[in-house]
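Report on one structure; see the data block that follows.
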Amino acid sequence: MNITPKTQQAYSLLHSGTLALARAERQGIRVDLEYTAKKKIHLTKNIERLERNFMETKFYKHWCHTVKNHRPNIHSDSQLGSFLYGVKKLEPTKQTASGKGSTDEEALTSLNIPELNTLLRIKKLKKLRDTYLSAFEREQVNGYLHPFFNLNIARTYRSSSDKPNFQNIPKRDKESMKITRDALFPRPGHQLLAFDFSGLEVCIAATYHNDPTMIKYITDPTSDMHGDMAAQIFMIDDFDRNREDHGTLRQAAKNGFVFPEFYGDYFKNCSDSLACTWGELPHGSWKAGQGIELGDETLSDHMRANGIKSFDAFTEHIKAIEKDFWENRFPVYAKWKERWWKTYQKYGYISMHTGFTCSGVMGKNDVTNYPVQGAAFHCLLWSFIQADRIMIRDKWDTKIIGQIHDEIVLDAHPDEIEMVCKTIKKITCVDLPKEWKWINVPLNIDAEICDVDSSWSNKKKLKI
DNA sequence: GGAACTCGCCAC
DNA sequence: AAACGTGGCGAGTTCC
């Protein structure tokens, strides 16, 4: 696989992008070293306590007696795997890529062994301490982190980030988010401020395939693609995304079906993720009172009442929905996928809207994913460059400090917030589509802001 | 003693 | 017919 900037614009985007990103790298983000030191001690105490508890269990003693060729190590997944699936002869619910029994969170949880929950808790706390807080301490210079943003790594010509990676700091899990983001601050007297494109990859995909149903979903603010899919998947007539339980199902539909399908996944994986991970329902037959809460019933009650009484029946249901999804809901999108695969097979390359050419050995999914992922990031990068230029020209006290694929992060002066919002909004929603005529759908951004002098964990929605 | 590999998990 | 895209990074393990 090989992508080259084919046009002058493509080259200059990377050239200017590198310079703008370098300014953000030099600016950096403040890190609270007193906090990281204290929190690491706190985490270590908890980890050690859990380890002591675990090592007193019969489960662990059995492990120690049966481990071969190694010193017993509770942090070794390969020892754990041999013990569970080799010694105790448990049936793995999941395999790794190389065919061994999996020891990831889902696999361990499904075994219903209380000791394993302790182990999972230890793993989580160690990850927070060793991957995030320790890295912040290691990489800081005079109390500031300077994460790198690379444009020469990702095969799609997206960016990557390292030392430390600024693009994978926990967000979804509340506890992990708080522990890690409480270490990160703006300069004294400033506020962290971020803007992200809403549904950018979906919008950019639409600029390639022009599926009318998708364009309607993007253009009509009263429509809701993920809500519609949730209603279909979970068979709900009166779907209301503002109801808390329906909101959860909408999240499930979005992350367990819609996005995986767009990336090229298929119904078997989707039904597994929807039922087990999102719905908390088991393989096999479904009994009353199982799964996540849904008003005054549970998901299994609700699905059983609608004739879906087992995991296998649910999989068949998802299979039918997948067929409907591509054949009836988004047929133009589906045809585009086929057409692009044919084009690649015939000519050996495909072109991105942003002037890059992808060639070399690619799979079917790559051919449709790369141009979308790449061009979506290029929208952010172009906006980043313009914002950087204006920031310098107008001598902003506010500084750009980083970027997360479809999001730009700033360290802002309180007096400049309104002006910065206006500027970013104009660049992203007006200037960008004017510059790149192939953007034939409206783009929107959302903003989040933290209070003055407070950490990245307390961000709130900001109306712009 | 370090390179390369596997596995797991964080982000979009 | 086949079957999830892009990254970074830590820990354990294996190989040289």
Side-chain angles (χ1 to χ4, degrees), chain A residues 1 3 67 69-82 94-108 119-120 122-135 138-139 147-173 176-177 179-181 196-202 204-205 254-273 319 322 326 337-338 341 358 362-374 376-377 380 402-407:
Chain A
M1 216 300 304
I3 303 182
V67 68
N69 306 327
H70 284 284
R71 221 180 58 221
N73 179 349
I74 64 170
H75 306 122
S76 164
D77 286 330
S78 76
Q79 284 184 25
L80 177 60
S82 323
K94 221 177 141 184
Q95 315 266 101
T96 68
S98 67
K100 284 185 263 189
S102 167
T103 56
D104 70 6
E105 184 180 0
E106 192 190 327
L108 296 189
L119 220 43
L120 285 169
I122 292 171
K123 273 190 176 182
K124 177 177 171 180
L125 299 184
K126 269 176 72 73
K127 168 116 181 155
L128 295 172
R129 185 190 61 181
D130 301 337
T131 304
Y132 297 102
L133 300 183
S134 293
R138 191 181 61 238
E139 302 297 342
F148 288 95
F149 297 99
N150 315 297
L151 293 178
N152 61 320
I153 304 280
R155 62 187 66 194
T156 56
Y157 266 109
R158 239 196 189 190
S159 65
S160 74
S161 169
D162 59 15
K163 294 176 196 142
N165 184 349
F166 188 66
Q167 298 178 319
N168 74 344
I169 299 169
K171 186 171 190 179
R172 250 187 268 134
D173 180 85
S176 306
M177 187 280 283
I179 288 173
T180 51
R181 294 187 183 230
D196 72 300
F197 284 103
S198 24
L200 185 60
E201 285 199 13
V202 170
I204 297 311
K254 174 179 168 186
N255 295 313
F257 183 83
V258 177
F259 284 162
E261 286 286 342
F262 286 165
Y263 285 139
D265 204 357
Y266 80 125
F267 69 92
K268 275 201 175 164
N269 291 333
C270 294
S271 82
D272 202 85
S273 148
K319 184 179 178 180
E322 178 183 78
W326 290 114
K337 285 192 173 199
E338 289 307 319
W341 176 232
C358 313
M362 286 187 279
K364 200 172 179 182
N365 292 334
D366 301 335
V367 166
T368 44
N369 282 328
Y370 291 179
V372 173
Q373 193 178 98
F377 170 67
L380 184 283
Q403 154 275 127
I404 313 169
H405 306 301
D406 66 351
E407 174 178 352

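Every chain is numbered from 1, with letters handed out A, B, ... down the list of sequences.
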Separation of [N] [atom2] from [X] [atom1] (nearest whole Å):
X: A/Asp104; N: B/dT6; atom1: CG; atom2: C1'; value: 13 Å
X: A/Lys94; N: B/dC7; atom1: NZ; atom2: P; value: 12 Å
X: A/Leu128; N: B/dA11; atom1: CG; atom2: P; value: 10 Å
X: A/Phe262; N: C/dG5; atom1: CZ; atom2: P; value: 16 Å
X: A/Asp406; N: C/dG7; atom1: CG; atom2: P; value: 17 Å
X: A/Asp173; N: B/dA11; atom1: CG; atom2: P; value: 8 Å

For the side chain of [X], starting at C-beta, report the closest nucleotide among [options].
X: A/Asn369; options: C/dG5, C/dG7, B/dC12; value: C/dG5
X: A/Ser160; options: C/dT6, C/dG8, B/dC7; value: C/dG8
X: A/Asn165; options: B/dC7, B/dC9, C/dG7; value: C/dG7
X: A/Pro260; options: C/dA3, C/dC4, C/dA1; value: C/dC4

Salt-bridge present (A/Arg158, A/Glu201; N to O < 4.0 Å):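 Salt bridge flag = yes for A/Glu201 with A/Arg158.
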
Sugar-phosphate, base or nothing in reach of A/Asn168, heavy atoms under 4.0 Å: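 The residue A/Asn168 makes base contact.
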
Sugar-phosphate only, base, or nothing, as touched by A/Thr180 at under 4.0 Å among non-hydrogen atoms: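 Answer is nothing: A/Thr180 stays at 4.0 Å or more from every strand.
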
base_contact_polar (B/dC12 base, A/Arg158 side chain, donor-acceptor, <3.5 Å):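 In this structure, the two groups form a donor-acceptor pair.
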
Under-3.5 Å donor-acceptor pair between A/Gln167 side chain and C/dG7 base: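 When only heavy-atom distances are counted, A/Gln167 does not reach the base of C/dG7 through any donor-acceptor pair under 3.5 Å.
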
Donor-acceptor side-chain pairing of A/Asp173 and A/Ser176 below 3.5 angstrom: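 Note: A/Asp173 and A/Ser176 side chains meet the donor-acceptor criterion.
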
Contact pattern, 5' to 3', of nucleotides 11-16 of chain C - B, S or - by protein heavy atom under 4.0 Å: SSSS--

